[in-house]
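So the structure is just underneath, and the comments pick up after that.
In the text below, chain A, chain B and the rest are named by the order of the sequence lines, each starting its count at 1.
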Amino acid sequence: MPELPEVEIVVQCLERLLPGRTIRSAQLRRPRLAPDTNPRLFAARLRNSTIVSVTRRGKFIILKLEKRWTLITHLRMSGRFMLLGADQEDPKFAHAVFHLDGDERLVFRDQRHFGLMKVVETAKLFETKDLAKLAPEPFSNDFSLDYLTTVLKRSKRNVKQLLLDQTKVCGVGNIYASEAMFIAQINPLRRGTQISRAKIAALREAIREVMNETLELGANMQIDRANIGGNIYGSGAAPDWRVYDREGSPCLRCSKPIVRIVQGGRSTYLCRVCQRK
DNA sequence: ACCCTCACCTGCACGC
DNA sequence: TGCGTGCAGGTGAGGG
């Protein structure tokens, strides 16, 4: 489900719900969710700890606890958090359950089993490999035109796959990659080295623009405790992407049909006319 | 150092 | 209706 904006919205919801709450006990029901630990250690480290903050780095959710430990979660494709009352049953695929004070529980459910959790020492949080190697946050000053230019000029890969590389550009996923390249009118097959500085500048803006659109949707959202951060686009409605998932539909700029190609085994959508270069 | 392919899972939409 | 196929918003391991 999530790329950076969707993760950010989950984080904003959790940040409103969790700080100050105490994890009475934690159950790792599917050990492979947290391959670096085991259920006993997982429970021991998290029990009776108060949640201090919920933040994000790239697509990782960072739940800081009082005392020594921080819980890092990556939702991957289908991970979701839910906050349930005592009268509500666990859903299918509830791979981790955190019993909170007041008989509520935070449940992590993940149909496709791709999600990951890690418990790390707060003091060494950003030394954790996953976080350490991430590219700058796209809304930070470090994500500068010079930065993006250097990254692109140094690479022979095509732009699309480069955009998905979290160590080069962080937070972009398969949807926003297509969307941003359409706005910047860049051909996804072009290599980084072939892109003009003007197009790189447009791409940088476009990445921020597409992310901002979703972030704004999430800003006024009502929290759904059964699917935290999961109803940004309204109940069940798919958002109106410019090109993503619009194969055969008319381009919004020139009306020629949007085409779908496959790069690195994943769909890319583009307009052959508007994105010639 | 880089880049590609595959693997990890379940479920859904599609065509026969 | 059922069954096979391909696809899904993510990444790492392992190979070249």
Side-chain angles (χ1 to χ4, degrees), chain A residues 1-11 29-36 56-61 72-81 91-96 108-118 128-135 138 150-182 188-193 207 210-211 213-215 217-218 227-234 236-248 259-269:
Chain A
M1 167 195 151
E3 304 185 27
L4 185 143
E6 289 81 3
V7 175
E8 172 63 25
I9 289 163
V10 170
V11 164
R29 294 196 186 157
R30 180 173 193 276
R32 284 169 62 195
L33 168 61
D36 296 351
R56 175 191 67 70
R57 174 75 174 93
K59 300 175 192 171
F60 292 88
I61 296 171
I72 304 176
T73 304
H74 197 301
L75 304 174
R76 292 284 185 100
M77 297 285 260
S78 56
R80 280 159 192 208
F81 281 105
K92 221 173 157 185
F93 311 116
H95 298 319
F108 179 77
R109 85 160 257 184
D110 184 12
Q111 176 203 113
R112 289 180 75 180
H113 301 191
F114 292 172
L116 288 172
M117 285 190 179
K118 212 168 260 199
T128 311
K129 256 200 213 144
D130 313 273
L131 300 187
K133 63 190 182 186
L134 288 177
T150 308
V151 162
L152 289 175
K153 293 295 178 198
R154 207 187 282 160
S155 173
K156 289 183 180 171
R157 299 158 88 181
N158 62 61
V159 214
K160 162 68 185 312
Q161 293 186 263
L162 205 81
L163 286 177
L164 296 183
D165 182 339
Q166 302 296 300
T167 69
K168 303 291 190 296
V169 178
C170 116
V172 174
N174 205 38
I175 294 181
Y176 295 126
S178 282
E179 295 292 297
M181 289 183 295
F182 173 75
L189 296 164
R190 284 282 113 82
R191 292 160 189 270
T193 48
I207 289 168
V210 288
M211 288 188 173
E213 287 172 357
T214 299
L215 289 171
L217 289 181
N227 184 9
I228 291 171
N231 60 348
I232 328 166
Y233 309 113
D240 296 320
W241 305 117
R242 292 164 175 85
V243 288
Y244 182 80
D245 204 21
R246 292 193 64 236
E247 184 179 19
V259 298
R260 170 181 175 271
I261 61 175
V262 175
Q263 297 179 278
R266 316 205 56 205
S267 297
T268 304
Y269 297 85

Checking C:dA8, C:dG12, B:dC4 against the side chain of A:Gln161 (C-beta onward), the nearest is B:dC4

Main-chain N/O of A:Leu134 paired to A:Arg57 side chain as donor or acceptor, under 3.5 Å: yes

Any donor-acceptor N/O pair, A:His95 side chain to A:Leu33 backbone, under 3.5 Å: no

Touch class at under 4.0 angstrom, heavy-atom based, for A:Tyr176 against every strand present: nothing

Need one value for A:Asp130: base, sugar-phosphate or nothing, where a base atom within 4.0 Å counts as base even if backbone is also close, heavy atoms only. sugar-phosphate

If you look at every heavy atom in [X] and [Y], which pair is closest and at what distance?
X: A:Val172; Y: A:Leu163; result: CB-O, 3.6 Å
X: A:Gln166; Y: A:Gly171; result: OE1-N, 2.8 Å
X: A:Pro138; Y: A:Ile207; result: CB-CG2, 4.4 Å

N/O (side chain, [X]) to phosphate O (OP1/OP2, [N]) under 4.0 Å:
X: A:Arg260; N: C:dC7; answer: yes
X: A:Arg157; N: B:dC3; answer: yes
X: A:Lys156; N: B:dA1; answer: no
X: A:His74; N: C:dT11; answer: yes
X: A:Arg266; N: C:dT11; answer: no
X: A:Ser78; N: B:dC9; answer: no
X: A:Arg154; N: B:dC2; answer: no
X: A:Lys59; N: C:dT11; answer: yes
X: A:Ser267; N: C:dG9; answer: no

Assess whether side chain to side chain donor-acceptor pair (under 3.5 Å) is satisfied between A:Tyr176 and A:Glu213, documenting all intermediate values. CA-CA 11 Å; A:Tyr176 295 126; A:Glu213 287 172 357; over 6 Å; no

Using a 3.5 Å limit for the pairing distances, which stems of at least 3 consecutive Watson-Crick or G-U wobble pairs does DNA chain C take part in? B:2-8 with C:10-16, B:10-16 with C:2-8

If we require ring centres under 5.5 Å and near-parallel planes under 30°, does A:Phe114 stack on B:dC9? no

Under a 4.0 Å N-O cut-off, is there an ion pair linking A:Arg157 with A:Asp165? yes

Of A:Gln166 and A:Arg112, whose closest DNA chain C nucleotide lies nearer the 5' terminus? A:Arg112

